[in-house]
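Computed from heavy atoms alone, side chains included, the values below leave out hydrogens, waters and symmetry copies. Protein chains get the first letters and strands the later ones, always in sequence-line order, with residue 1 at the start of each. If you're wondering where the values come from, they're calculated on a predicted model, not measured in any experiment.
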Protein chains: 2
Amino acid sequence: MENKENILKCALDLFYAKGYDAVGVQEIVEKAGITKPTLYYYFGSKYGLLETLLTTKFQLFSTTLRQAAKYDGDVAATLNRVAFAYVKCAMSNQKFYMLLMSMFYLPRENEAYKAVKPLIREFFFIIKKIFQDAKEQLGNMNHREEQFAVGFMGVINCYLIMICEQGEGKEIQITEDIIRSLVHQFMHGINS
Amino acid sequence: MENKENILKCALDLFYAKGYDAVGVQEIVEKAGITKPTLYYYFGSKYGLLETLLTTKFQLFSTTLRQAAKYDGDVAATLNRVAFAYVKCAMSNQKFYMLLMSMFYLPRENEAYKAVKPLIREFFFIIKKIFQDAKEQLGNMNHREEQFAVGFMGVINCYLIMICEQGEGKEIQITEDIIRSLVHQFMHGINS
DNA sequence: CAGTTTATATACCGAGCGGTATAATTACTG
DNA sequence: CAGTAATTATACCGCTCGGTATATAAACTG
């Protein structure tokens, strides 16, 4: 059991640094100080290792966001809650978050993309639902809920990635004020 | 010479679809209907092929943007010009644009990222310079020019990628109005 | 203690990787 | 037409890839 978690940790480090395709199984087991059969005993395949890594680590994001995304009649407040919860998750799991992002932008026929696709979709639906729930407040959106969802996540991710790059490793504070101004900027854009 | 361009075209198709790391040299030459030594005659290595592909195709983006980014005393107008020029370039070279984007989000230690890095930097400086030039109009930015540049490109890329995904292959119009509203949204955010 | 399950290592597999030595062919040049 | 330079193909290189057959330990279970 100790080995299993160690393998996951080493895999995250390497995938984060070089990308799934560029990392060999040999490299992972060497870093973990074990041998191949041990890895294959736990995960079955390199792809299985990636899937396990993603799904287990994604749990936290999923439950946290679901909680925050419960629409309470105030779009701005809900978006603020979600943004803050999201940023908090991302900043306390920077490597995993950056791995997720890099995989999200992978070409669509890439194998590794297929592993993140369901996560991204789940994610997307959580955000999209906010805008669907807020129809009476935002008015008829002409099926632009999806654009809003993409735009909202895009803005936040942009700033997050920028911050993750600037201070790699360092603990940087993203204050509630910054998030609020980000959300405000987004809201103003879609209202005008 | 005909072969050389054909190789570049096939490489773009494959890199775009699967990503640099996931495509083998064998696969490229088979698609191009030639053999390995021909590829190595022209490009020296797989990495060399990537570099040639990127630099040649990036020329258009670079010159077009440089032209559009000449600050004329009106930030909004300049940003609109740049955004429009950028969108036009991207939409008429969708595959290359998407390849660029996917490579931009690659992990920093990935080999292929090292090939796009200089292009991204060049790109970034062109945008950053707009904000530096506009100091008297925007006031003291407290060295936030970089954040503005990242944010500006981020917003546009978000929407572009969304559109590229929705209508892959189809020719979708992004009107000047949409771009203007995007720029306006961005401007309002940084002014308030 | 015997039997079984869990966990790990040694040693290996075929396939594909990026890359090349050599040679033949084609196209230009005197 | 001879000679040279530019292009292309055949056949191969060592290496790493993801993955596994087999054996052995260690840890539970009766």
How many Å lie between CD on B:Glu27 and P on C:dA15, as a whole number? 18 Å
Is there any protein nitrogen or oxygen under 3.5 Å from a nitrogen or oxygen in nucleotides 20-26 of chain D, and what are the pairs?
none

Report the residue (A:Ala22 or B:Ile34) whose heavy-atom-nearest nucleotide on DNA chain D is the more 5′ of the two. B:Ile34
Once you round it to whole Å, what is the distance between P of C:dA7 and CZ of A:Phe43? 12 Å
Considering all heavy atoms, the nearest B:Met98-B:Tyr16 contact: CB-CE1, 3.6 Å
Which whole-number value in Å describes the distance from B:Glu30 CD to C:dG18 C1'? 14 Å
In terms of side-chain heavy atoms of B:Thr38, which of D:dG18, D:dA9, C:dG19 is nearest? D:dA9
Check ring-ring contact (aromatic ring centres under 6.0 Å, His included) between B:Phe96 and all other residues, then give those that pass, not counting sequence neighbours. B:Phe61
Could you tell me the separation between the OH atom of A:Tyr41 and the C1' atom of D:dG18, rounded to a whole number of Å? 20 Å
Tell me what A:Val23 touches on the nucleic acid: a base, only sugar-phosphate, or nothing, going by heavy atoms under 4.0 Å. sugar-phosphate
Looking at B:Tyr47, does any N or O in its side chain come under 4.0 Å of the phosphate oxygens OP1/OP2 on C:dG18? no
Provide, to the nearest angstrom, the distance between the CD atom belonging to B:Gln26 and the C1' atom belonging to D:dT10. 13 Å
Can you tell me the distance, in whole Å, between the CG atom of A:Leu50 and the C1' atom of D:dG18? 14 Å
Rounded to whole Å, the CG-P distance (B:Asp21 to D:dC17) equals 12 Å
Do B:Lys46's NZ or CZ and the ring of B:Tyr20 fall within the cation-pi criteria of under 6.0 Å and 45°? yes
Answer yes when A:Asp72 and A:Arg81 have at least one side-chain N-carboxylate O distance shorter than 4.0 Å, and no when they do not. yes
A:Asp133: which of A:Lys135, A:Gln137, A:Lys129 passes side-chain hydrogen bond (donor to acceptor under 3.5 Å, both in side chains): A:Lys129
Would you say B:Phe43 and B:Leu53 make side-chain contact, with heavy atoms under 4.5 Å? no
Between P of C:dG16 and NZ of B:Lys46, the distance in whole Å: 15 Å
Residue pair B:Asn157 / B:Tyr86, side-chain donor-acceptor N/O under 3.5 Å: yes
Nucleotide nearest A:Asn3 (side chain, heavy atoms from C-beta), chosen from D:dT7, D:dA9, C:dT8: C:dT8
